[in-house]
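Below is one structure, written out as C-alpha cells; the observations come after it.
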Amino acid sequence: MAEKESKTFDPATKSVDLATVEMIKKAQAAGVETIWDRADKMKPCPIGAEGACCRICSQGPCRVPPVKKAKEGEEQKKQAVGLCGATAETIVARNFARMVCGGAAAHNDHSRGVAKLFKEVAHGKAPGYKIKDIRKLKQLARDYDVPLTEGEGDDKKSRSTEVIAQELADKILVEFGQQDGELVFAAKRPPKKRIELWRNLGVMPRGCDIEIVELMHRTHMGVDQEYHNILKQCTRTAISDGWGGSMISTDLQDVLFGCPVPVSGEINLGVLKEDHVNIIIHGHEPVLPEMIYVASQEPEIVQYAQNKGAKGVQLAGMCCSANELLMRHGIPTAGNYLQQELAIITGAVDAMVVDVQCEMQSLANVAKCYHTKLITTDPRARIEGETMHIPMDEHHAIEIARQIVREAIDNFPNRRAPVLIPDIKYPTVVGFSYETIQYLLGGSIRGSYYTLNDNIIGGRVRGVAGVVGCNNCRTPHDSAHLAMTKELLKNDVIVLVTGCSAMAAGKEGLLTPEAAVKYCGPGLAEVCETVGIPPVLHMGSCVDNSRILMAATACVKAGGLGSDISDLPAAGAAPEWMSEKAISIGHYFVSSGVYTVFGGSFPTTGSALFTDYLFRGLEEELGGMWDLELDPVLAAKKMIAHIDKKRAALGIDKARERVLFDMEMRREMQAGGSEE
Ligand code: BF8
Ligand code: SF4
C-alpha cells in the first residue's frame, strides 16, 4: 500500500449510508487515503469560501473579507477594496459569475458532443448508434421548424427520418456558435409570460457559447464593475445552460438512446459481484457507456470473461453516468460522487471507466493501491499517474467499447487485496421523464399534468420540490438530501430528484412506491398509491434538470396554477452542492422563477449587498430567488413556507385546510367505527 495508515476520524460521522461507512473503515484499516482524510487535514479558506478573494490579475490576490460590526462607541471599519479599487460586491459577483461560466460550459460542451454524434448518426457515419425515439425526434423537428413532410397536395409525402434528423442536427449545431437571435427552446418552451419577462430584461440567450464567452470577458480585470449588470449576464448564461445546452443534451440523448420509462434497478455498492468482472462507468456522457453496455452483453465477451474464471460481466454506474444507464437500461448504480474512491477500495473493481466531470484526481492513487485499471476515455479529461487512455471515437465506438471491456476482463485474475463488497443495496423504480409523468398521470390518450394540478389545487399534494445536486465531503454524505426530502414528503410535497441526490434517495428506499405509506403525509400517500408511483421521482442526471423545467412548464400550461413558473407552489434545493454546475443549475432555476435554497455554504457571503440582491432583490425581477440554509430540515420548512405563500396567492390555501379537515374527520369516523 502506498499510503500510511490513517485513523483520525470516526467513519460513522462522515456518512449516513452504511455501505459508505463500512468502506471508509476498510480504507482506514488498509491505510488508503480518501477525501475525508484530506478534508480533515485541510480546512477551506474562509475568505475564498465567501467569494471575497480576487485573483484575476497578478497585482493580487486581493482579499476583501467582510468587516465585523463595530461595538458601540467604536468607529465602523470599512470593507477593504482590491488594489484596483474593486469593491467586495464586484469581486464576489465576478467570482460567482465565473462559477456560472464553469457550470454552463460543462453542460453546453457535453451538449455539443451529443449534437455532433447526432449529426453523425443522421448521416449514417456512427455505426452501432441509431435514432431510437422517432416521436421525440419529430417533436424536436417541430420546435426547430424542420418540416416533417414535403411536396404539396397529392404529392405530399413524409420526409425520411434521416433527412429530418440531418436538417435538425444542422439547426441545433448552429445554436452553439450563434451570435444573434434567441435559443429555440428558451424562446419557445417556457410559459409565454416568462419568455416576455426574459425579453424585457434583455436576458434571452443568443447562443450556447456566446453568453459564456461574454461573461468571461466581462469578469476580466477592469471590465464590468457593477454587480447588478454582472448578474444580468449570469442570468443570460445560466438560461443558455438550462433552456439551452442541458435541454438539448437531454432531448437528443432521448432521441438517440430512448426516452426513459419506469424501470426497476438496484443501488449501492452491494450491486458489485465478487465472482464477476466488475466495471464501473463513471462520469456524465452516456455516448460511450451505451456501447459498453452493448459490448458487455455480447456472447463472445461473456465467454471471454468465463475463460478468465469470472461468471460474467457486471456493469455498474457511478455519478450521473449511473443515472443515465439506470434509467434507460436498469443497469445498477454503485453509488454517488463521494463513493467513487470507495468502489475501488472494495477490491472488486477490475476497471473504472471515466469520461468527464466530477472524477476525483485521487482515483489514480487509490487505483494504484489495488489492481483496478483506471481508464480515461475523453481527450478533454486525462488524469496523471498510472492510468490508461482509450479515447472515444464515435466512428468506432463499439470496437472501443469491446477493447475497454476486454481490458477489464484481462484484469480480473489480478485481484490482490482482500475483496469486501458491502452487502447493502436497495431496489429502485426510476425513469420518470417529463413525458412519463404526463402519461402516468393523464393516460395515453389525454396525457396531461392536469391530474397533478388537480391534486395540488385540491390540497392532497401541497406542492412540488426539486431536490438535486451533489455530495460534499464537508457535509455528512447523503444526510442533508435525506433529511430534507423526508421533511418535504411528511408535509405532502412531492419530490423530483436528479444527480447525486437521486442516488441518495435510492439508497434510502425512497424511490419505491412502498415509500409513500412510510414517509408521506396522508394526501401525498393517497395520490402515490392511486397512481402507483414513488413519492420521490427520479428524473435523471444533472443535465436532466431540464426535465424539471419542462415538468414545471407543463404544470403552468395545464391550467389552474397561475400563468408562470413563479406562480407555482414549488421550490428547489441542492443541500449538499459542491460543483460549479450546481451554481449554474441553481441560477437557471432562480431565473425561471423558482425559490432555490442551497446548503453547506454559499460563495457570495463576502458581500452582504450582493448576497441580499440574490436572496431578496431578485424576487421582484425574476420571481425566483436564492437562499442559504445550513439545517436541511429548516431548509425544507422554508421551501414549504414558500409553497404555502404561492398557494395563498393562488387562492388555493383553503382547499388544503378542507382536505386536512376531511382526513381528520375520516380518521375520527374510522376510529369511532372500530370502537363499535
Ligand atoms: O452532474 S450532482 S457531484 S455527479 S455535479 Fe457531480 Fe454534483 Fe453529482 Fe453529476 Ni451533478
Ligand atoms: Fe486585485 Fe483588482 Fe487584480 Fe482583482 S483585479 S486581483 S481586485 S487588483
Side-chain angles (χ1 to χ4, degrees), residues 35 47-48 51-65 79-95 98-99 102-104 106-107 109-111 218-225 241 245-246 249-250 281-286 317-326 333-340 354-360 466-473 475 477-478 480-481 497-506 538-546 573-586 598-600 606-607:
I35 188 168
I47 299 171
C53 173
C54 182
R55 45 163 296 277
I56 63 169
C57 92
S58 74
Q59 300 171 99
C62 298
R63 293 174 298 166
V64 292
Q79 196 160 8
V81 294
L83 293 195
C84 63
T87 58
E89 284 61 58
T90 295
I91 289 172
V92 165
R94 279 197 302 228
N95 287 335
R98 287 189 164 210
M99 292 186 87
H107 287 146
D109 205 39
H110 167 159
S111 180
R218 283 165 66 161
T219 55
H220 181 276
M221 194 271 158
V223 187
D224 201 351
Q225 292 161 102
D241 172 352
S246 281
S249 323
T250 295
I281 310 288
H282 175 17
H284 284 78
E285 298 187 354
M318 176 81 45
C319 283
C320 282
S321 290
N323 289 325
E324 303 278 1
L325 287 167
L326 176 64
T333 292
N336 49 6
Y337 167 74
L338 279 178
Q339 292 177 285
Q340 55 187 289
V354 302
D355 53 21
V356 290
Q357 302 168 20
C358 304
E359 290 130 9
M360 289 193 225
V467 180
V468 308
C470 325
N471 292 143
N472 182 322
C473 72
T475 301
H477 170 233
D478 290 348
H481 288 298
V497 288
T498 59
C500 289
S501 184
M503 294 178 246
H538 185 307
M539 294 190 83
S541 64
C542 282
V543 289
D544 294 336
N545 283 312
S546 60
E576 298 179 31
W577 79 279
M578 65 90 194
S579 75
E580 292 172 324
K581 289 185 289 171
I583 291 290
S584 181
I585 292 166
F598 272 32
S607 161

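One-based numbering, in listed order, for ligands and for the atoms of each. All values reported here derive from a predicted model rather than from experimental measurement. Positions are given from 1 along the sequence.
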What do we get for R94 next to ligand 2 when only non-hydrogen atoms under 4.0 Å count, side chain, backbone, both or neither? side chain

Are the side chains of Y337 and C358 in contact, using a 4.5 Å heavy-atom criterion? yes

Excluding water, the protein N, O or S atoms sitting under 2.8 Å from atom 8 (Fe) of ligand 1 are C500 SG

Quick test: of every protein heavy atom, which one is nearest to atom 5 (S) of ligand 2, and how far off is it to 0.1 Å? M221 CG, 3.5 Å

Chi angles and distances behind the side-chain hydrogen bond (donor to acceptor under 3.5 Å, both in side chains) call for K581, H110: CA-CA 12 Å; K581 289 185 289 171; H110 167 159; over 6 Å; no

Atom indices of ligand 2 within 4.0 angstrom of G82 heavy atoms, with elements: 7 (S)

Look at atom 1 (Fe) of ligand 2 and say which protein heavy atom is nearest, naming residue and atom and giving the distance to 0.1 Å. C62 SG, 2.3 Å

Nearest heavy atoms of M503 and N323, plus distance in Å: CE-ND2, 3.5 Å

To which protein heavy atom is atom 4 (Fe) of ligand 2 closest, and what is the distance rounded to 0.1 Å? C54 SG, 2.3 Å

Verify whether one side chain among T498 and N545 offers a donor that lies under 3.5 Å from an acceptor in the other. yes

What are the two closest heavy atoms between A504 and D478, and how far apart are they? CB-OD1, 3.4 Å

Do R94 and Q225 have side-chain heavy atoms sitting under 4.5 Å apart? yes

For atom 2 (Fe) of ligand 2, what is the nearest protein heavy atom, given as residue, atom name and distance? C84 SG, 2.3 Å

Pairwise side-chain contact, C542 with V468, heavy-atom cut-off 4.5 Å (strictly under): no

When you measure from the side chain of Q357 to the backbone N and O of A106, does any donor-acceptor pair fall under 3.5 Å? yes

Can you tell me if R63 has a non-hydrogen atom under 4.0 Å from ligand 2? no

Quick check on H284 - does any of its heavy atoms sit under 4.0 Å from an atom of ligand 1? yes

Do H481 and T475 touch side chain to side chain, with heavy atoms closer than 4.5 Å? no

Atoms of ligand 2, numbered as shown, that sit under 4.0 Å from any heavy atom of G60: 6 (S)

Answer whether the closest heavy-atom distance between the side chains of L325 and I281 falls below 4.5 Å. yes

Nearest protein heavy atom with distance in Å, relative to atom 3 (Fe) of ligand 2: C57 SG, 2.3 Å

Mind checking whether M578 contacts ligand 1 via backbone (N, CA, C, O), side chain (CB onward), both or neither, at a 4.0 Å heavy-atom cut-off? side chain

With E576, which of N472, N336, N471 fulfils side-chain hydrogen bond (donor to acceptor under 3.5 Å, both in side chains)? N471

